[in-house]
Amino acid sequence: MSGGYVANNVVYQKIPGGIYLPENPTFDLKQIMDSGQCFRIRETNGVYSVVTGTHFVRIGRPRRGGYLFYDCSEDDFQHIWIPYFDLFTNYEEYQQKMVKDSFLAEAIQHYGGIRILCQDPWEMIVSFVISQRNNIPRIRNCVERLCKRYGSLIAWESEEYPIFSFPTPDQLRGKDLSDLGLGYRAKYIEDLAYYNNEAAWLCMKDVCSADEIKEILLRQKGIGEKVANCIMLFGYHHMDSYPRDVWINRMIEDVYQGSFDPQEYKGFAGYVQQLQFAYYRSLQGEVKK
DNA sequence: CACCAGGTAGGAT
DNA sequence: ATCCTACATGGT
């Protein structure tokens, strides 16, 4: 199979029931699922299910190999999933600029399939407010409970497994979130639901500078420097954002003798951060391969 | 029963 | 400005 359709420089094949996309060393769904930037990708029997907004897709690896199969329309593939997975960006270019650093060169060997997803800003705001002083499996559970309780039913992954959208500010407004296991973060999210609707958070990207958006984020209770940087990177795709959490700080101590300047990687510092985060955690035995 | 998890707010130096 | 501590919940 060669040639095919092209959208945003992405070459794909259209077949009945979905889309075939050639496999690519800079796109590994398992690595992305485990990277801690998204909390809603699930894997069952080798099939990944992904939700963004009110869209849902299953992605599998066909027997013959070399391709990923997307269970979606061509329209959704072009307008939802190519942007979501940032497929129009060439991550090999970033990687080539990173190999002068031996730790990053190793990180590419093990986690070069990570990309920076383009996720919904509001979903990132809530998810990363939940993330503070919390661990990744529990963040997942909290997000899932929120969706199940207040999101909209949008699809069925299987006969017994319904898929819910992430609840919008409108859907959360006025709700009591104290029984979802969110702990002290529930109040922050209850208040955030009043600040803006989902579309307003989204279109801020077109109206405001990155500095202005970050400033607005930092004014919210429950959002500090680290969470704001995560929202900027994963929600607003501000690739120069370099979130510093406990792992990144430990890594900088261990690997870079206490000083690392993300400015050296202008334009993709957030990608560098994700590879450092994933690789360093794996070295510390925090994640199982 | 301590300690920890992709931190932050609010108060005291 | 920088340092300190409480903070909900669930898992080792």
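Numbers restart at 1 for each chain; the letters A, B, ... are given by sequence-line order, proteins then strands.
- For A:Phe234, counting side-chain heavy atoms from C-beta on, the closest listed nucleotide (B:dA5, B:dG7, B:dG6) is B:dG6.
- Comment: A:Arg40 does not engage A:Glu123 in a salt bridge, judged by the lack of any side-chain N to carboxylate O separation of less than 4.0 angstrom.
- A:Glu225 has its CD atom 11 Å from the P atom of B:dA9, to the nearest Å.
- For the P atoms, the distance linking B:dC3 with C:dT5 amounts to 14 Å, nearest Å.
- Residue A:Lys187 places none of its side-chain N or O atoms closer than 4.0 Å to OP1 or OP2 of B:dA9.
- The separation of B:dG11 from C:dA8, taken at their P atoms, amounts to 15 Å, rounded to a whole angstrom.
- When each of A:Trp247 and A:Ile223 is assigned the nucleotide of DNA chain B bearing its nearest heavy atom, the one mapping closer to the 5' terminus is A:Trp247.
- With rounding to whole Å, A:Leu217 atom CG is found 12 Å from B:dT8 atom P.
- Atom CD1 of A:Ile252 is separated from atom P of B:dG6 by 17 Å (rounded to the nearest Å).
- In this model, the phosphate group of B:dA5 is approached by a side-chain N or O of A:Arg250 to a distance below 4.0 Å at OP1 or OP2.
- In this model, the phosphate group of B:dG6 is approached by a side-chain N or O of A:Arg281 to a distance below 4.0 Å at OP1 or OP2.
- One donor-acceptor pair, N or O on each side, does fall under 3.5 Å between the base of B:dG6 and the side chain of A:Gln274.
- Checked for salt-bridge contact, A:Arg61 and A:Glu23 meet the test: a charged N lies under 4.0 Å from a carboxylate O.
- Taking atom P on both nucleotides, C:dA6 is separated from B:dG6 by 22 Å, rounded to a whole Å.
- One finds no salt bridge joining A:Asp211 and A:Lys214 here, because no Lys/Arg side-chain nitrogen approaches an Asp/Glu carboxylate oxygen to under 4.0 Å.
- Proximity note for A:Lys226 (side chain, C-beta onward) versus B:dG10, B:dA5, B:dG7: the nearest is B:dG7.
- Ring centers of A:Phe260 and A:Tyr242: under 6.0 Å apart, within the cut-off.
- Donor-acceptor pairing under 3.5 Å, judged by distance alone, is present between the side chain of A:Tyr184 and the base of B:dG7.
- Using a cutoff of 4.0 Å between basic side-chain nitrogens and carboxylate oxygens, A:Asp34 and A:Arg281 are not scored as salt-bridged.
- Of the listed nucleotides (C:dG10, B:dG7, B:dG6), B:dG6 has the atom at the smallest distance from the side chain of A:Gln37.
- Between A:Gly222 and A:Ile248, the residue whose closest nucleotide on DNA chain B is further toward the 5' end is A:Ile248.
- Here the nucleotide nearest the side chain of A:Val246, chosen from B:dG7, B:dG10, C:dT9, is B:dG7.
- Going from atom NZ of A:Lys221 over to atom P of B:dG7 covers 20 Å, rounded to whole Å.
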